[in-house]
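What follows is a short report on a single structure.
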Number of protein chains: 2
Amino acid sequence: MSNLKLLAQSLGLSITTVSRALDGYSDVAPATRERVQAAAQAMNYRPNPAARSLRRRKAEAVAVTLPTEPGRFGPPIFLNMLAACGQRLAEEGLDLMLLPIAGRTGEMDTYRRLLDGRRADAVIVVRTRLEDERVAFLKERGIPFVTHGRTARSEEHAFIDGDGEAGFREAAQMLASLGHRRIAHIAAPQELTFAHFRRKGWRAALNELGASEALEYTAQPTEEGGYEAAQWLLQHSAPPTALLCATDSMAIGALSALKERGFIAGRDIAVIGHDNLPSAAFTDPPLSSMEIAAPDVGRQLAEMLIDRLGGRKPSELQTILPVRQVPRATHGPAN
Amino acid sequence: MSNLKLLAQSLGLSITTVSRALDGYSDVAPATRERVQAAAQAMNYRPNPAARSLRRRKAEAVAVTLPTEPGRFGPPIFLNMLAACGQRLAEEGLDLMLLPIAGRTGEMDTYRRLLDGRRADAVIVVRTRLEDERVAFLKERGIPFVTHGRTARSEEHAFIDGDGEAGFREAAQMLASLGHRRIAHIAAPQELTFAHFRRKGWRAALNELGASEALEYTAQPTEEGGYEAAQWLLQHSAPPTALLCATDSMAIGALSALKERGFIAGRDIAVIGHDNLPSAAFTDPPLSSMEIAAPDVGRQLAEMLIDRLGGRKPSELQTILPVRQVPRATHGPAN
DNA sequence: TTAGATCTCCAAAACGTTTTGGGAAGTCAA
DNA sequence: TTGACTTCCCAAAACGTTTTGGAGATCTAA
């Protein structure tokens with residue numbers, strides 16, 4: 001409603017001085033600055049964001065693109081993470097834009113539109129794949145970005161990720177120490193980075209243990225996928241005694257398949273998931289899981305974006321967060 | 001990168017003409033228009049959004065404010081709804097901004113900042129309460145908005161909502177027809193609109209049935225809340241034979257409490273939830289639930305916002321979507 | 001043939017900031 | 001007293017659109 005011109009008039013100052021006073025330049029007298037600040041407060045002045053970004057040639061916004069295609073979208077906590085991220089960004093005057101994209105094909109179109117149109121100064125890339133063309137595109141254009149999850153070329157860009165590899169290795173080792181020898185993995189599609197690392201951790205543990213066979217089944221990271229995988233694994237000639245699942249959603253599906261066959265998880269067969277979903281504590285039996293040990297991934301993500309926009313180098317902005325085991329009742333000893 | 005000036009120069013036309021040609025005004029010759037369009041395409045021209053909204057005095061954006069306070073945020077499908085909404089808005093050239101807000105107090109501050117700063121042309125209000133100060137504020141300021149969920153003064157504003165009342169009435173009636181007489185309700189806090197209507201539907205059914213008592217317990221709409229509620233209800237002197245839960249999350253918590261007491265849902269006691277969470281089909285036994293019968297709530301929400309921005313009256317933009325029962329295995333007959 | 005209507009086009013003025021390049025006092029040192 | 005520095009302020013030029021208010025042609029009707 002009110003703008004710099006009005007403010008300047010009412011103060012008997014020039015627009016320039018008012019602007020500089022509010023921006024904290026040193027070339028305005030302390031007394032004037034205070035006068036200006038008081039008036040701005042009184043008139044409830046807020047700089048017009050459009051005018052500001054037109055002049056500054058910055059959008060003052062960060063975009064996160066959401067692949068909507070495969071129906072479901074990641075763990076439910078995801079929105080909370082975005083909210084936390086947005087909250088921190090807001091403190092810096094940055095808006096968080098949600099950019100949904102149609103299919104895998106439309107994805108790059110959206111990116112181009114986004115960047116040709118200068119609608120965002122930086123981008124958050126989620127649901128990263130090992131070979132991710134979005135990352136390639138952003139790097140080529142020189143747009144600052146942070147990925148949520150690593151890629152095959154992580155050393156070249158900023159990212160934040162949980163150490164799924166260590167988590168799964170640890171979980172598999174624990175299962176082994178409980179006497180399990182046939183520890184199967186219910187994997188998510190391997191082009192997804194998180195799936196790749198979780199599987200890798202499981203494999204590493206098996207290798208260390210000198211396991212001869214490594215039973216696994218890949219499915220969609222949903223309850224359906226986990227159900228299907230468990231069914232397949234259980235009808236194997238030498239069925240596994242433990243199921244290490246890429247996600248809690250899959251683990252919940254697996255639990256359902258086990259129940260159908262009369263197995264009791266934690267007694268007849270061990271099950272462990274990842275994500276520590278809110279409902280994980282309320283499955284029957286309560287699901288053993290693991291989770292990123294940091295309470296504020298969203299905030300850290302925001303912090304990295306801010307640093308990146310401030311010119312900090314990508315190589316200094318690479319965070320791998322430790323994963324903590326959340327043992328419950330589905331991972332008893334082997335029989 | 002390229003702008004109207006460059007485009008105009010390369011075509012030997014004025015900026016005005018180029019602008020009007022691209023905007024489809026009738027005062028530019030068809031031949032010229034085509035020439036301009038071709039050139040724009042070739043130079044990959046995109047209007048600068050900041051300049052455009054500065055001049056048009058519109059933000060070309062819609063904001064949705066996310067209460068982050070009570071930790072968890074609504075059903076997991078919520079993000080998908082937002083994505084669908086954003087996708088439709090994008091077709092109209094509108095951005096979707098995520099505005100996280102700290103506490104209930106910070107909420108109004110954020111609204112003020114948002115609107116004084118002209119950062120959004122319209123607002124989506126989620127997690128509505130019956131008496132919602134956000135709605136009052138927006139109405140007073142005359143900002144177009146659509147609420148996701150009704151309020152006590154719904155007739156005065158645009159909203160989209162599921163018919164939870166009918167859904168819960170129907171569910172209670174079905175339970176009664178199965179012989180249940182003590183149908184308890186696990187309620188969510190009644191200031192939340194959805195909770196109010198679901199409870200209302202349950203009460204209506206009980207009244208129609210001439211039930212003398214109406215057992216209920218209110219808790220947070222989480223698994224923990226449902227667990228706590230079920231525990232309380234079961235130690236009643238005349239315990240219920242059916243639990244009608246405000247949300248699936250609560251129902252999942254309730255299932256866990258039942259299991260602990262050795263009850264089998266669907267045989268010893270009936271349980272029904274609402275939302276049809278992805279995991280509802282994989283609880284043990286699979287959870288009977290209900291859901292909004294429309295596949296595209298997000299898109300409809302976007303459509304209403306667009307209409308509202310186009311000047312359509314709120315009274316014409318009020319959608320109550322039917323709720324469909326999703327019967328599974330937790331609602332057997334009474335013993 | 002001419003007055004008016006119709007077609008095309010355009011110069012210039014916004015929109016509200018930030019930033020550049022000073023300018024006018026006042027201060028200090030010599 | 002003078003010249004060089006500071007200190008505090010400002011006019012004007014961007015930034016890239018859209019919109020206003022015409023101006024020249026060309027066409028139409030009498």
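Chain letters run A, B, ... following the sequence lines, proteins first and then strands; every chain starts at 1. Note that this is a predicted model, so its numbers are computed, not measured. Heavy-atom basis, side chains included; hydrogens, waters and symmetry copies ignored.
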Measuring from the side chain of Pro47(B) (C-beta onward, heavy atoms only), which nucleotide among dC15(D), dT17(D), dT17(C) has the closest atom? dT17(D)

So does Arg52(B) reach the base of dT17(D) with its side chain, donor to acceptor, closer than 3.5 Å? no

Please check the phosphate of dT18(C) (OP1 and OP2 only) for any side-chain N or O of Ser19(A) closer than 4.0 Å. yes

Does the side chain of Asn48(A) get closer than 4.0 angstrom to OP1 or OP2 of dG16(C) through an N or O atom? no

Report yes if the side chains of Leu138(A) and Val135(A) come closer than 4.5 Å at any heavy-atom pair, otherwise no. no

Would you kindly give the CG-to-C1' distance between Leu6(B) and dT17(D), to the nearest whole Å? 14 Å

If you compare every side-chain N and O of Tyr25(A) against the phosphate oxygens of dT19(C) (OP1, OP2), does one of them come in below 4.0 Å? yes

Check the phosphate of dT17(C) against Tyr45(A), side-chain N and O only, distance under 4.0 Å to OP1 or OP2. Yes or no? yes

Distances under 3.5 Å only, N/O to N/O: pair up the protein atoms with those of nucleotides 5-9 of chain C.
residue	atom	partner	partner atom	Å
dC9(C)	OP1	Thr32(B)	OG1	3.2
dC9(C)	OP2	Ala29(B)	N	3.1
dC9(C)	OP2	Thr32(B)	OG1	2.7
dC9(C)	N4	Asp27(B)	OD2	2.9

Side-chain N or O of Arg57(A) versus OP1/OP2 of dG16(D): is the shortest distance under 4.0 Å? yes

Hey, can you tell me if Phe78(B) and His148(B) have their rings parallel, tilted or perpendicular (30° and 60° cut-offs)? tilted

Residue whose closest nucleotide on DNA chain C lies nearer the 5' end, Thr16(B) versus Arg55(B): Thr16(B)

Arg56(A) CZ to dG16(C) P, in whole Å, measures 17 Å

To the nearest angstrom, the NZ-C1' distance between Lys58(B) and dG16(C) comes to 18 Å

